[in-house]
Amino acid sequence: MLDKETLIIIDGSSLLHRAFYALPLLSTKDGIYTNGVYGFLTMLYKITDEYNPKYLCVAFDMKAPTFRHLEFDLYKANRQKAPNELSLQFPILKEVLKAMNINQIEIEGYEADDIAGTVARFGEEKNLNVILVSGDRDYLQLASDKSKVLVTKKGITELEVFDKEAMIDKYGITPEQFIDLKGLMGDKSDNIPGVPGIGEKTGLKLLKQFGSIENIYENIEEVSGNKLKESLIEYKQQAFLSRRLAEIVTSVPLELNLEELKYEEPDWERLKGLYEKLEFKSLIEKIPKDKIEINIEYYSSEFILIESEDKFQKIIDEILKSKEFAFKFVYGDENILKSEILGIAIKPKEHSTYYINFDGNELLLNFQNSFKDIFEREDILVSGHNIKNDILGLFKLGIKISSITFDSMIGEYLINPSETDYSISKLSNEYLNLNIEKEEELLGKGKNKKTYKVLSVDERGQYFAKILDLVYMLEDKIIGIIEGQGMKELYSDVELPLAEVLASMEYYGFKIDVEILKELGSEFDKEIDNLTKEIYELAGEEFNINSPKQLGEILFDKLDLPVIKKTKTGYSTDAEVLDKLKDKHPIVENILKYRQIVKLKSTYIDGLMNLVDENTDRIHSSFNQTVTNTGRISSTEPNLQNIPVKTEEGRKIRKAFVPQDEDYILIDGDYSQIELRVLAHISDDPKLKEAFYNNEDIHTKTASEVFNVPKEEVTSIMRSRAKAVNFGIVYGISDYGLSRDLNISRKEAKEYIDNYLKNYKKVKEYMEEIVESGKKEGYVETILNRRRYLPELKSRNYVVRSFGERVAMNTPIQGSAADIIKVAMVRVYKELKLRNLKSKLILQVHDELIIETYKDEKDEVKEILKNTMESSIKLNVPLKVDIMMGDSWYETK
DNA sequence: GCGTTCACGC
DNA sequence: GACGTACGTGAACGCA
């Protein structure tokens, strides 16, 4: 294949159809529908990248009737007209292809597949590698020794490859016989009748036995089954007609010329123009930079460089006058806590930006003294972008910030929590149509990411001055939207103050007893050693157990265990599969154990150890406020929100999480069933509310309702199944997910869910209403009006739509729970600060808060934590918090 | 470097 | 009747 040149022929009509139905209906701000074109181009790029063709063309159907219509007037008679949203995209696609200089072929009286077939034969004659691309399986008849057929599998990214051999492998018939097969079974979508009673199975059987339709009729007596025989005889004519209709014509009168099929260089400028009009940002990125004029106009800004304290008073006076300023630190390292501060940009509102350069550091001390008061005054409003990072800088300088009034990053997150890029460059482009360099462009990314040290002092000043200008330009717009959507309180009273709380949690960190970690680590190592030996012995050879590929070969090829599930790349070996193979071979149990211990060792022992600050023995995780779709916070480096708890061995890791010294103790407040309480509140379901008023065991209660037995008769199996149902309600899993979790049939799982909803009628009503309103409004909301947009609800794709529905039901529950704990965090933090306590809030794990508590303050802190958490947001059911104490996180259970 | 597979918590 | 099914983080593998 490599030595031959490649010709790719794409069925444009078919592929645009596929792409249109695979993607949600996207449109530009001018209302041009683009999803099909976008999907088509994604596939086109993928295919050309992979096969690097020398020749390429796209075939289209024409509206005019074809010879098939003339022969059979019912041909495609039942075909529904394509929706307008799709038809409108054909001319757009053709325009894009034209800009790409790609040959388009259409001809009256023939369909795209006939054109494709004809071009394919032409390519074969010229001894080219021919690749046909379509969303239609009819193309399989064109596969040959020289031609491959790519058929879309699912979505838009996966293509199934068929050559002649692959066809025989999969269907047991040749491409030519495929035409006979269609003649026999017909094709519903084209209204080709075929022979009644014959489907794919019978058709394949007949062809494997007889080879062709002619041969079937020549040996009709040998056909087994009277009914089948009669049907064949009666519909003989129809069978031959159907075959003629199904056969792709490879002799369309085309004047083909290899030179014209050449895949040439696009008209880049024109293409870029089209992509811009269609808002295909990711595709614009694909255009080689040297091919187009880079005419991005960068926003520019002025700044005043300050390198001595003489001017400090002038800046302070300006701030005092305008009562508002924006600022941002420039750090010399990714890790802010360890980083030196290179400088700070400060912009008193309506004034120029100052860039104070601290290089050399003498000035920093002076800055601290002069500006402390300004930051700590409550009547001066402070704005910024990703201000948590700047609060950390202030903490390092011993400054406590007071009045944050705007953070463009957090603001945009509230406007749309589903974005992934909240950078200032993105926001300015979206809202202001102004461009500044992305941080990535200045510093690079990944392993080679540099620090701001590579920029000159002047460049640093310029860049950060731009940022502060943009922050102020964004402020009114973003605040306006937030207020318009009823999120003012959420923004000002919860999210903005929370940034400081998170900064404080990062700043203080969690003390780690490194010795305990080390000891646990060597225990795990010993166990891994033993397990490794046993596994090698049982396998009869040494291999890399960590490699799913090698493990799969051992289990399923060598040991011949039954294959339960496959992944894209081979055998699946996940816990679910291994669980089912447990009694088939003793090696399986060892592998499960091995996986568990290796996970603990690598992620939680080695991973944590690497992140312990060697001076203080503390771990400083990053808490991110703008990641999740639901409003939860996330934690990275390390993720402290997934420290093991379920198995005893894993839970031991928590013994290493300790208070700073013997004067301190950990106090842990844990919301009991917060999501189900939120559900009781939102749905106002009397039964569910009653359970919480009476402080009942909710899973037992659910079991008694779902299985219709008195509570005393609920067995432990019933309870655990009910627990899974409650879990499903809270996390929005499907009947499929529930059936998998409980290892029961999907039907049974569905019964459980239906039964649940039958008992909790108002929950059912809520679920129906929220989906309805989500569809109508385009979004759902939490108790504090936090929004999540759900375009998935309008998808024509069942899977996507169902996903949207579950998210619609789940987000108000999970998101409101997030609202509740965030409010509690802000208040607990404020209270500890107000009372000047030594105790600090150091961790949040979704429904749990941990305070590193000074022992003398123990009772006070306990009360603050419990009361604040329970009274955070008033629901129409009580919130319940369990308080626990211990000398390690392990003990607070 | 990047996608895939697996596993941990809520 | 199939579709392929909570989220977020991280480690290791294996391909490029």
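Hydrogens, waters and symmetry mates are skipped; everything else that's a heavy atom, side chains included, is used. Chain A is the first sequence line, chain B the second, and so forth, proteins listed ahead of strands; every chain is numbered from 1.
Other residues, nucleotides and ligands contribute more than 12 heavy atoms inside 6.0 Å of the OH atom of A:Tyr45.
As a whole-Å value, the separation of A:Glu792 CD from C:dA6 P is 14 Å. One interatomic measurement links the two molecules: CD of A:Gln814 to P of C:dC7, which rounds to 9 Å at whole-angstrom precision. When the C1' atom of C:dT9 is taken as reference, atom NE2 of A:His846 falls 10 Å away, rounded to whole Å. Here the P atom of nucleotide C:dT9 and the CD1 atom of A:Ile619 are 17 Å apart, to the nearest Å. Rounded to an integer number of Å, the gap from NZ of A:Lys566 to P of C:dG4 is 17 Å. Separating the CD atom of A:Gln844 from the P atom of C:dG8 is a distance of 15 Å, rounded to the nearest angstrom. The CG-C1' distance, from A:Asp735 to C:dG4, rounds to 11 Å in whole Å. A:Glu805 has its CD atom 14 Å from the P atom of C:dA6, to the nearest Å.
Along DNA chain B, read 5' to 3', the first and last nucleotides having any atom under 4.0 Å from a heavy atom of chain A are B:dG1 to B:dC10.
Between A:Asn629 and C:dG8 there is a side-chain N or O to OP1 or OP2 distance below 4.0 Å.
Contact annotation for A:Val627: backbone-only contact, meaning every heavy-atom pair under 4.0 Å involves sugar-phosphate atoms and none involves a base. Contact annotation for A:Phe803: backbone-only contact, meaning every heavy-atom pair under 4.0 Å involves sugar-phosphate atoms and none involves a base. Among the atoms of the strands shown, none is found under 4.0 Å from any heavy atom of A:Arg801. Counting any heavy atom pair closer than 4.0 Å across all strands shown, A:Ile643 reaches sugar-phosphate atoms only and no base atom. Within 4.0 Å (heavy atoms only), A:Arg632 reaches at least one base atom of the nucleic acid. If you check every strand for non-hydrogen atoms under 4.0 Å, A:Ser802 touches nothing. Among the atoms of the strands shown, none is found under 4.0 Å from any heavy atom of A:Asn810. Across all strands, A:Val730 comes closer than 4.0 Å to no nucleic acid atom at all (heavy-atom distances). Note on A:Thr630: nothing from the nucleic acid sits closer than 4.0 angstrom, heavy atoms only.
The existence of a salt bridge linking A:Lys449 and A:Glu439 is confirmed by a sub-4.0 Å separation between a basic side-chain nitrogen and an acidic carboxylate oxygen. Salt bridge status for A:Arg746 with A:Asp735: present, with a side-chain N to carboxylate O gap under 4.0 Å. Using a cutoff of 4.0 Å between basic side-chain nitrogens and carboxylate oxygens, A:Arg721 and A:Glu751 are not scored as salt-bridged. With respect to the salt-bridge test (charged N to carboxylate O, under 4.0 angstrom), the residues A:Lys822 and A:Asp819 do not qualify. A salt bridge does not link A:Lys593 with A:Glu589: none of the charged nitrogens is closer than 4.0 Å to a carboxylate oxygen. The pair A:Glu527-A:Lys601 does not count as a salt bridge, with every side-chain nitrogen at least 4.0 angstrom from each carboxylate oxygen.
Scanning DNA chain C for stems, defined as runs of 3 or more consecutive Watson-Crick or G-U wobble pairs whose donor-acceptor distances all fall under 3.5 Å, gives the following ranges: B:1-9 with C:7-15.
Heavy atoms only, all atoms of each residue included: A:Glu495 and A:Arg786 are closest at OE2-NH2, 2.7 Å. Nearest heavy atom pair, residue A:Gly669 against residue A:Leu865, reads N-CD2, 3.6 Å.
Considering only residues two or more places apart in sequence or on other chains, A:Tyr766 meets the ring-ring contact (aromatic ring centres under 6.0 Å, His included) condition with none of them. Checked against ring-ring contact (aromatic ring centres under 6.0 Å, His included), A:Tyr594 has no partners two or more places apart in sequence or in another chain. Applying the salt bridge (Lys or Arg N to Asp or Glu O under 4.0 Å) test to A:Arg595 and every residue at least two apart in sequence or in another chain returns nothing.
One P atom belongs to C:dG4, the other to B:dT4, and the distance between them is 15 Å to the nearest Å. Distance noted for atom P between C:dT5 and B:dT5: 12 Å (whole Å). Taking atom C1' in both C:dA6 and B:dC2, one finds a spacing of 25 Å when rounded to whole Å.
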Inset, instruction - Produce a footprint string for nucleotides 10-16 of chain C: one letter per nucleotide, 5' end first; B if the base is under 4.0 Å from any protein heavy atom, S if only the sugar-phosphate is, - if neither. - result: BSSSSS-
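Between A:Tyr731 and A:Phe727, the ring planes lie tilted relative to each other; the angle falls in the 30° to 60° range.
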